[in-house]
There are 2 protein chains.
Amino acid sequence: MKEYSVIGKPYPQRGSVQKATGRAKYIEDIYLPGMLYGKILRSPYAHAKIINIDTSEAEKLPGVMAVITGADIPKVQSEFLGPLGGADRYALAVGKVRFVGEEVATVAADDEDTAEEALELIQVEYEELPEVFDPEEAMKPDAPIIHERVGNNIAYEIHHSAGDIEKGFAEADYIREDRFETPMVQAAFIGPRGAVADYDPVIKKLTLYTEATMPFTSRGPLAQVLDMPVSNIRVIRPYIGGGFGEKSRVTIDVCFCASFLSMHLGRPVKIMHTRAEEFLTCAGRQPVVTYLKTGVMKDGTLVARQLTRISNTGASVGGSESYAKQDVGIFELLFRCPNTKFDSYSVYTNLTPSGTLRSLTNNALSFGIHSHMDMLARDLGVNVADFYLKNAHQQGDITHAQYKLDSCGLSECIQKVIEASKFKERQGKLGKGRGLGFATAGHTCGYKHRDWLPDLSTAEVLIDRDGNVRLLSGRAESGMGPGTMQIMCVAEELGIPPDDVDINEFVDTDITPFESGNYASRGTIQQGNAAMAAARNVRVQLFEVAAPALSTTPDNLEAKDSRIFIKGSPERGISFKEAVKAYEAAGKVLPLIGRGSYNPPTIAWNEHGEGNNSIAYGFGAQVIEVEVDNETGKVEVVDVVSAMDCGKVINPLILDGESEGAINMGIGMALLEQISYDEKGRMLGTSYTDYRLPTVWEQPSVKTMWVETIDPYGPYGAKGITETVGIPTALAIANAVYDAVGVRIRKLPITPDKILDGLREKETSK
Amino acid sequence: MKEYSVIGKPYPQRGSVQKATGRAKYIEDIYLPGMLYGKILRSPYAHAKIINIDTSEAEKLPGVMAVITGADIPKVQSEFLGPLGGADRYALAVGKVRFVGEEVATVAADDEDTAEEALELIQVEYEELPEVFDPEEAMKPDAPIIHERVGNNIAYEIHHSAGDIEKGFAEADYIREDRFETPMVQAAFIGPRGAVADYDPVIKKLTLYTEATMPFTSRGPLAQVLDMPVSNIRVIRPYIGGGFGEKSRVTIDVCFCASFLSMHLGRPVKIMHTRAEEFLTCAGRQPVVTYLKTGVMKDGTLVARQLTRISNTGASVGGSESYAKQDVGIFELLFRCPNTKFDSYSVYTNLTPSGTLRSLTNNALSFGIHSHMDMLARDLGVNVADFYLKNAHQQGDITHAQYKLDSCGLSECIQKVIEASKFKERQGKLGKGRGLGFATAGHTCGYKHRDWLPDLSTAEVLIDRDGNVRLLSGRAESGMGPGTMQIMCVAEELGIPPDDVDINEFVDTDITPFESGNYASRGTIQQGNAAMAAARNVRVQLFEVAAPALSTTPDNLEAKDSRIFIKGSPERGISFKEAVKAYEAAGKVLPLIGRGSYNPPTIAWNEHGEGNNSIAYGFGAQVIEVEVDNETGKVEVVDVVSAMDCGKVINPLILDGESEGAINMGIGMALLEQISYDEKGRMLGTSYTDYRLPTVWEQPSVKTMWVETIDPYGPYGAKGITETVGIPTALAIANAVYDAVGVRIRKLPITPDKILDGLREKETSK
């Protein structure tokens, strides 16, 4: 395997010390002269007509500068990428409200307290309407209609099939059917969302400081809703306190309301979510109900797989199309099977519009699949790992959904975890409330939204007169360290230490190079390739001036140890800085600039969710040991053995951190996290006191093994796996709980009461 | 003459509405979280030993975070471009103080009041030393020595000669000798200087928000004094409230002190000058004494010209080398003369270190030259304009100082103003206290500091997916509108309206392209050429994709009216936006980026001030009519007729504004501005109440005619004339005063008391 100087070696994430020492600037830290503070009035009803809004008293309050309602804004609904998603929502409610917390009016005032006081003075007259909260209820013909224009509550549906599902089931030796369910959860990032909008009425330009992980592409939906040209919007993105995909939705209430207020007043306006607003407005991953039916031969060969997916989009369709389409491919990503059928219904209810949270709905869907497969294996009397290995996709396979697996370490990951955990020897034999669970994962590394939309990363590497190397990147950091990864690629290509490479902290769409964004684990492949290309472009230019000085040709040179020298002869060379001087001496203009870009040859999904939408796919497997307390029903995760196909390890320090963090989140999904509502659709608990997250105390011992399949498209063979690493955790925990105490949990989270109920039921049925 | 779509047409300056409406962000408007406020303790003595500094009481004051004195900072003196100039000054005084206001200590505290209070608690023990304030006194052997290391008070001297000066005088029919003097004045910009320094101790990087008009190159001296690598300094430059060359000196007390404090504390620190500190620390243009001796033939031909220049640098040499070297060339720029001699002494005194103010010391030197020439003409009985025309340099001339006049409209400017003002017919004949004065100007358009330093402008033009055109420029706006000029160049080259071109507001050395800076009227030629080149680079790329679509070759295309079409056939084309789409459709990466740069073939001055240091030279002439009140001695400027060789008019709106503003400043120089000191070197008056500036009430009727000589190096033939336009004003006023009342003022400003003294003297000598 090729020897690298930088790639594969641990290197601390750039910016982490800034975060730890309080130097990093977040949206809260943005202060502009003359800045006003905004607040948002929200609906107390889950479903109600707005009869009248009287803002006159609020407007009279000293210090209040503007009150804006749905009547005052352009009636434009975003069509793409927005929270407004499929054009079913205005930035401020018009005519009716559809969930508790929906935005009804917004106020700008000299300070936050005045703005808050003004909200209380706004008189809104509502007429309550019947509500529906359960998606399967909402699909019934007599359910209250949430969006009249749609006519029913199906926000989005998609159907895909391959082979002949009926024939498959007919041929099967054994068929099993199950239903599973995941709850509404919250991304619960530590940094609440906020925005500072600064509209310049002279040049009609809006500068928006916000936390978008898609700063460039989010200008599109912003422009639609604000009814202004994309080029009149500048997004500046400071540090953010966590994103998990949910912050790719720049187009949320704070951005719109701050922008409308700033555009109205010609002054900067800041709006920050309170923690309660974070919960009320952004509920995180869609709850998913999965109906599974699988036909299998006696030897464990899958012959027919059917899945019906019903997801609760809440009051707005949001990104449901993306989530559902991705799940088509995810459904088929792990297993070969000739006959498949997938049907998905994203359903409107009167709950908070749901979004995404690290892997979209993959882990919700996969919870069903992996529980079901575990039960099937037990039914067949085969070891579940062998069952997986028998049916696992292999490198070179093309799935029915047209996913091309140019690299695929699924089987290797499975073998590694079952060997390391002695899974086969130990499963079912631990006793004392202990059990072992197994699960796998497959996920995309980026995705192409639309055929007409470039899925593009670009980077610039600049070398100044003193040899200083700067990387300009539009990547949006939210914890995974894409900038650090880019720095390492540049350092590797230029043969210099990564410490010698600077990178811009903030992203500024008016200045930093274009970048589609950080979502769908696309950073590593796309941004890594772009940075490599930019560095190589620089290297070519340096080699061209160094070659004559070394009496050789550029193709005979290499760059390493901060030197440029004749291949294989480090002594016959010049230093990197001397090469920069030679570049200048050759009459060329400094800074030397190299540009690189990467736009992968991927295909947007068709109407059936088919198409090689990601340039590569990450895979992994985990075996997890739990201990279940028979008395209290409490589940403790004792040990996690994980193996992940990351293509190639670029930075083990960050990868291990990613894995540990993702497993922690998986434990939260398995055991703790859910949002509950009362009978009127009001959220029960909107703080970290009520919404329990796993902490370091819940963290088990974790061993992560990295499988290097060297993907042909990835930089140095690497793939993005920030989502993949955490997917198996909740799934394996559920299976481990069954292994420990024989209780099968069909709806997450695995709370003590469910365990105790299950134990009681087992006792009764004996 | 070539027809342009944009060039030559009035276009409002970008950013001016922001300034007028209060939206523009200045250094005062920069707030960073956790920011502290700094203040600077200054010497009350003009010359004194520092015996002891006791900061203990100040440090104890609650809210004080740090107190720093000269003992705490690296003992590094900047060698180049700094206020520290020729390595004769530390950022905080060490050992002794040399002027009233010199920086002795700096304090950072939670707020400005606390910092101010802390200054009062610092105990400094001084031992007074004898002072000297007059440069000619300071040159005497027994004068107090200000810089012991130098040994005398000559900070910088330079000598240049051509031909044989003795022979010239021997041949002359007539010889005249005179002495003239200009006072210390202040740039007096409306925006006081300030800095916000934000040092990150983790990555050892300093971000400095300040008003530098040389944001990139000022990092060099900053790095020297702060003892850190250039690449660890990032300069961000917001709007500034006037510069006039004085803000090219980024390395002033606020920058250094804020940086030291921030580096010491690891927190952002802001220091703003009070208006008094503006006066105390930055006295503006060097006072200059000129001794002139000129030999002339009966027919008015100059045969020998000798000038001795003595300038008062104050307590630090500052940029004296530049000012004196430029004056070598300026001395010879207007007139042909075979024998010349120039000797200059920049002399230390115990006054505020003097700097520069629009044209360096050109107008101080030229005041002497033009008064002297006016007197010579009167002695010879020839009209002064004819006298000038007889000796004027012409296009193609190379001066003794090696200035190459590739374009030169001096004679044409003279002819235009004497015709328009009927100068010859009216001079000396107006009566009623009215008089007409004539003067000219020649100045550089940029200059090359050092042979090893690139004199470089670069620009990037980016085209986004929606066809939006963005110009990234490192130009530092301070009123002359270089960005607007660049926008017009880009619009012209791309055939689009200037409104369609965006430009970055702030300069950020980590992000915007390299730029040597805005000084010495270099913006138009260098930044204009860079912008043109970047736009042409974009155009080439667009033509390459448009040509196949139009079944032609790129060289057969032109861009105009937002279209790209076959030359001469506007109907056979596509829109600009369609071309951008074609570029993307051709599989090329957006944004489309074009880069351009300009680094002129100029030569740094040698030790005699010789070398073609500027790529072009601006010229002009003015005739001014004044009315002098015999009773009060008050001078009123009635009318100004100006003609300026700007090469080519790019934007008449800005040019006319430049001319009017510069003439207003010239009136200030002529009639109002001077800084006075008491016998202990303490400034008398440090506010706008004491220091009188001309206002709109002093503004006469101004007619400016533009002479287009189409310089071969300038963009579209244009030259920078922001300094040239104001030079003749004070000179012509002095000559007009003589024409009106027969009083010759040999030291500016022309105050009523000097007029009355002159009238009295005239009366007496009758």
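Values in this document were obtained by computation on a predicted structure and should not be read as measured data. Residue numbers begin at 1 in each chain, while the letters A, B, ... track the order of the sequences.
In this structure, the separation between OG on A:S231 and CG on B:D500 is 8.5 Å, given to the nearest 0.5 Å. Atom-to-atom distance recorded for B:L472:CG and A:D510:CG is 8.0 Å, nearest 0.5 angstrom. Rounded to the nearest 0.5 Å, atoms CG (B:D499) and CD1 (A:I203) are 11.0 Å apart. Taken from CZ in A:F216 to CG in B:D464, the straight-line distance is 8.5 Å, to the nearest 0.5 Å. Distance check: B:R219 CZ to A:D466 CG gives 7.5 Å after rounding to the nearest 0.5 Å. Rounded to the nearest 0.5 angstrom, A:T458 OG1 and B:L590 CG are separated by 10.0 Å.
Looking at B:E28, neither its backbone nor its side chain comes within 4.5 Å of chain A, counting heavy atoms on both sides. Contact of B:T509 with chain A is made through the backbone alone, with heavy-atom distances under 4.5 Å. With a threshold of 4.5 angstrom between heavy atoms, B:L456 approaches chain A through side-chain atoms but not through N, CA, C or O. With a 4.5 angstrom heavy-atom cutoff, B:L32 touches chain A only via side-chain atoms. With a 4.5 angstrom heavy-atom cutoff, B:F506 does not touch chain A via any of its atoms. For a residue to count as touching a neighbouring chain, one of its non-hydrogen atoms must lie under 4.5 Å from one of that chain's; by this rule A:D198 touches chain B with backbone and side chain alike. At a 4.5 Å heavy-atom cutoff, B:D508 makes no contact with chain A through either its backbone or its side chain.
The number of heavy-atom neighbours closer than 6.0 Å to NZ of B:K25, taken from other residues, nucleotides and ligands shown, is above 12.
Checking side-chain atoms of B:R23 against main-chain N and O of A:V202 turns up no donor-acceptor pair under 3.5 Å.
Taking 4.5 Å as the heavy-atom cut-off, the residues of residues 594-603 of chain A that approach chain B are A:R595, A:S597, ordered by number.
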Verify side-chain contact (heavy atoms from CB on, under 4.5 Å) between A:N468 and B:V230, making sure each step is shown before the conclusion. CA-CA 9 Å; A:N468 181 49; B:V230 168; over 6 Å; no
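Among A:E460, A:R465, A:R14, A:K205, the residue making the largest number of heavy-atom pairs under 4.5 Å with chain B is A:R465.
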